*Asks:* 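Got a structure here, written out as structure tokens. Questions coming.
Chain A is the first sequence line, chain B the second, and so forth, proteins listed ahead of strands; every chain is numbered from 1. Here the structure is a predicted model, which means the values were calculated and not measured.
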2 protein chains.
Amino acid sequence: MARATTLEQVAERAGVSRQTVSNAINAPEKLHPDTLRRVKRVIDELGYRPDSKARALRTRSSGLIGYCVAERQDGSINVFMDRYLRALTAEVERTGRHLLLFTAPDGEEGLAVYEDLLARSAVDGFVLSNTAVGDPRHAWLRDRGVPFASFGRIWTGEPQPGPWVDVDGASGTAQAVEHLVAQGHTRIGFLGLQKGNPVGDDRERGWRRACAEHGAHVDDRLIARATDEHRDRGEAAAALLDSDDPPTALVAANDAIALGAYAALEERGLRPGVDVALTGFDDSPTAAVVRPGLTSLRQPIEEIAARVVRLLDNPEDDRGELLRPELVVRASSVNDDGGRNG
Amino acid sequence: MARATTLEQVAERAGVSRQTVSNAINAPEKLHPDTLRRVKRVIDELGYRPDSKARALRTRSSGLIGYCVAERQDGSINVFMDRYLRALTAEVERTGRHLLLFTAPDGEEGLAVYEDLLARSAVDGFVLSNTAVGDPRHAWLRDRGVPFASFGRIWTGEPQPGPWVDVDGASGTAQAVEHLVAQGHTRIGFLGLQKGNPVGDDRERGWRRACAEHGAHVDDRLIARATDEHRDRGEAAAALLDSDDPPTALVAANDAIALGAYAALEERGLRPGVDVALTGFDDSPTAAVVRPGLTSLRQPIEEIAARVVRLLDNPEDDRGELLRPELVVRASSVNDDGGRNG
DNA sequence: CTGTTAGCGCTTTCAA
DNA sequence: TTGAAAGCGCTAACAG
């Protein structure tokens with residue numbers, strides 16, 4: 001690998017001092033236009049770029065933002081990983097930095113990895129994701145004055161320890177309910193997560209509120225909960241479908257559970273969208289591909305990435321931002337197919 | 001953010017020179033056991049870690065491996081992104097390095113980004129992925145003596161410009177055919193990609209070879225091709241199903257096309273697995289979730305990541321490695337459900 | 001506006 | 001085995 005051009009080589013060739021070359025790059029307004037032009041030409045000729053490590057050493061900032069890819073496959077963020085990382089990388093680059101990936105165990109144990117990265121001054125800050133209930137990372141970083149921004153709240157009830165962006169789950173399920181009410185449904189079931197799961201509770205709140213607001217039934221017997229957040233064989237939906245007064249529509253807390261409901265419906269000879277309307281949440285890649293297409297709530301991943309990076313640099317700006325997901329209507333929730341069966 | 005401990009602080013506290021501390025970390029065998037113990041204790045007390053940038057500057061190696069996340073969503077690698085990046089990150093960490101993410105346009109244009117990273121000495125090498133036909137990156141990096149390893153071949157027919165790992169597509173579809181022949185099928189159709197797409201051609205070869213070997217029909221009229229590699233509405237399958245002598249089983253070149261076939265079957269009142277056996281390729285998350293579950297070929301992503309990193313460090317070791325995908329049998333390809341309907 | 005000096009924190013080289 | 005000197009390539013601070 002060829003040795004890269006240095007500042008000194010540029011300086012010599014341009015007949016100026018090293019500092020002038022540095023200024024040409026970092027503070028061009030300080031140079032006489034002629035000098036600037038001459039130096040710039042030499043820079044281009046030689047293809048010179050400041051050595052990132054030397055600059056980092058001197059400026060005490062690595063230009064790297066740490067991002068942890070969960071060590072164990074937990075499934076939930078899975079469906080966004082691709083979109084999110086792509087967007088985050090692009091956003092971070094817009095400010096001339098890069099994303100540094102690392103792995104760490106969940107919980108307290110993982111803090112050692114963050115500490116290591118910090119002790120080596122390998123990163124300037126962190127973007128947090130896969131936030132868990134009572135996640136210790138946020139407070140830990142805040143206490144050390146480390147810049148960070150989080151996709152996801154810590155859900156402890158206490159004030160958030162730092163800037164965050166999250167998706168408004170209640171708004172999402174409320175949109176789904178409104179959509180179903182507009183189709184004439186008044187008995188809309190909710191396929192939730194385990195009670196106490198803050199994401200599930202949030203999404204349940206939206207279902208409850210919207211049902212009340214729009215005159216649909218609100219009744220705890222319209223709620224069933226999935227045992228496994230990431231894989232459901234349809235048990236939750238089955239419970240509601242086999243009840244005395246089954247709902248005519250189902251709002252699921254996520255796509256995995258909605259997909260489980262497909263199985264439960266099929267077993268009972270019912271068709272999603274025709275016999276029972278169904279909506280999911282997350283707009284996973286699968287939602288667009290199954291038959292019939294699953295109506296779902298698309299998380300504004302690209303916007304989340306943009307805001308997270310902005311909050312990282314301007315932590316005072318806005319401490320928290322709640323973004324509305326967007327309802328993507330497919331055949332699973334509309335009686336009339338209307339060509340939307342994608 | 002608190003200033004990190006330096007070598008000098010450790011040295012002073014331990015009553016030794018800076019160099020001795022450096023040796024305690026990088027060449028402990030050079031120290032007297034007593035000195036080593038004393039220095040190590042101080043290192044632990046202070047939580048000292050060498051500053052990565054200073055070390056990198058001095059040793060001329062950043063400890064960072066570049067990985068490009070494709071700028072445009074091309075869909076194909078999408079399904080692996082999560083697993084692959086996780087595995088790659090872990091592998092790279094095993095040797096004390098980290099992954100640096102960046103974006104770059106496809107083709108020649110993107111080389112400027114690689115050049116920039118190199119000129120700044122921001123990375124020690126690259127792991128390539130999303131390899132395109134005639135991908136210019138490999139030869140470009142080789143010509144500059146930059147370490148790299150590729151997931152995916154360049155498919156030009158010329159010798160590969162550097163170490164690579166890839167999945168043996170032909171072996172995969174051959175496995176699928178053998179599985180179908182074992183179920184009694186002799187007319188097995190192939191749902192391929194556009195002719196000339198080397199991935200599709202490779203997978204087609206396996207189908208053809210295995211059909212010939214196992215006495216199944218081999219006939220170009222058993223082949224239909226999808227227009228769009230990433231989204232197929234079932235047109236390919238429809239062409240075969242509506243032919244004079246339709247196949248009783250279908251091997252698709254990827255899951256997206258197989259999923260398209262679900263639609264074509266449904267429209268004709270046929271059930272995957274019951275009336276027509278069907279297999280996909282890639283074992284996308286969707287394959288496990290659709291009804292019936294889609295039999296598919298799982299790429300050994302974790303092993304690919306491990307080998308890519310090994311090749312990066314030992315380019316002479318093995319220039320190319322072809323890995324066998326694993327057939328994951330689900331209900332779409334077996335007449336008897338057998339409880340495998342996942 | 002330009003140049004000189006100093007030093008970021010580390011490891012390599014060489015001397016003791 | 002340990003220590004001192006030098007310098008990786010850059011920019012902050014200041015002098016001219």
*Asks:* Check the distance between D:dA4's P and B:E12's CD and give it to me in whole angstrom.
*Replies:*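 Taking CD of B:E12 and P of D:dA4, I get 13 Å after rounding.
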
*Asks:* Excluding sequence neighbours, so at least two apart, what forms ring-ring contact (aromatic ring centres under 6.0 Å, His included) with A:F148?
*Replies:*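 Checked A:F148 against ring-ring contact (aromatic ring centres under 6.0 Å, His included); matches are A:H138.
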
*Asks:* List in chain and number order the residues that pass side-chain contact (heavy atoms from CB on, under 4.5 Å) with B:Q160, two or more places apart in sequence or in another chain; answer none if no residue qualifies.
*Replies:*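 Counting only residues at least two positions away or on another chain, B:Q160 forms a side-chain contact (heavy atoms from CB on, under 4.5 Å) with B:R153, B:I154, B:W164.
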
*Asks:* So is A:R144 actually on top of A:W140's ring, under 6.0 Å and inside 45° of the axis?
*Replies:*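 Checked: cation-pi criterion met.
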
*Asks:* For B:A90, check side-chain contact (heavy atoms from CB on, under 4.5 Å) against everything at least two apart and list the hits.
*Replies:*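 Per chain and number, B:A90 pairs via side-chain contact (heavy atoms from CB on, under 4.5 Å) with A:T103.
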
*Asks:* Hey, can you pull the residues of residues 32-43 of chain A with a non-hydrogen atom under 4.0 angstrom from DNA chain C?
*Replies:*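 Going residue by residue through residues 32-43 of chain A, the ones with a heavy atom under 4.0 Å of DNA chain C turn out to be A:H32, A:T35.
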
*Asks:* Identify each atom pair where a protein N or O and an N or O of nucleotides 5-8 of chain C are less than 3.5 Å apart, giving names and distance.
*Replies:*
from: C:dG7; atom 1: N2; to: A:R58; atom 2: NE; distance (Å): 3.4
from: C:dG7; atom 1: N2; to: A:R58; atom 2: NH1; distance (Å): 3.1
from: C:dC8; atom 1: O3'; to: A:R60; atom 2: NH2; distance (Å): 3.2

*Asks:* Around A:E109, counting heavy atoms of other residues, nucleotides and ligands shown, do more than 12 lie under 6.0 Å from its CD?
*Replies:*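 Atom CD in A:E109 is not crowded, with 12 or fewer foreign heavy atoms closer than 6.0 Å.
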
*Asks:* Going by the rule side-chain contact (heavy atoms from CB on, under 4.5 Å), which residues pair with B:A56 if we only count those two or more places apart in sequence or in a different chain?
*Replies:*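 If we apply the side-chain contact (heavy atoms from CB on, under 4.5 Å) test to B:A56, skipping adjacent residues, the hits are A:K53.
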
*Asks:* Within residues 20-31 of chain A, which residues have any heavy atom lying less than 4.0 Å from an atom of DNA chain D?
*Replies:*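 Per residue number, the list reads A:S22, A:N26.
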
*Asks:* Among pairs that include at least one residue of residues 3-12 of chain B, which meet side-chain hydrogen bond (donor to acceptor under 3.5 Å, both in side chains), considering only residues two or more places apart or in two chains?
*Replies:*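 The answer is none; no pair qualifies.
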
*Asks:* Can you list the residues that meet the side-chain hydrogen bond (donor to acceptor under 3.5 Å, both in side chains) rule with B:Q19, with sequence neighbours excluded?
*Replies:*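 B:N23.
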
*Asks:* Calculate the interatomic distance between A:D51 atom CG and D:dG9 atom C1'; express it in whole Å.
*Replies:*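 It works out to 6 Å between those atoms.
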
*Asks:* Using distance only, find each side-chain donor-acceptor pair of residues 28-42 of chain B under 3.5 Å and give its atom names and separation, not counting sequence neighbours.
*Replies:*
from: B:R38; atom 1: NE; to: B:A14; atom 2: O; distance (Å): 3.1
from: B:R38; atom 1: NH2; to: B:A14; atom 2: O; distance (Å): 3.4

*Asks:* Tell me the interatomic distance from B:L7, atom CG, to D:dG3, atom P, rounded to whole angstroms.
*Replies:*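 Rounded to the whole Å, the gap is 12 Å.
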
*Asks:* Taking side-chain contact (heavy atoms from CB on, under 4.5 Å) as the test, write out the residues that go with A:R97, two or more places apart.
*Replies:*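 Testing A:R97 for side-chain contact (heavy atoms from CB on, under 4.5 Å), a comparison that skips the adjacent residues, returns A:I65, A:V92, A:T95, A:V309, A:D313.
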
*Asks:* Are side-chain N/O atoms of A:R137 and A:N130 paired as donor and acceptor at under 3.5 Å?
*Replies:*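 Checked: A:R137/A:N130 side chains show no N/O donor-acceptor pair below 3.5 Å.
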
*Asks:* Dot-bracket for DNA chain D, please, read 5' to 3', with Watson-Crick or G-U wobble pairs under 3.5 Å on both distances, ( ) within the strand, [ ] crossing, | other strand, . unpaired.
*Replies:* ||||||||||||||||

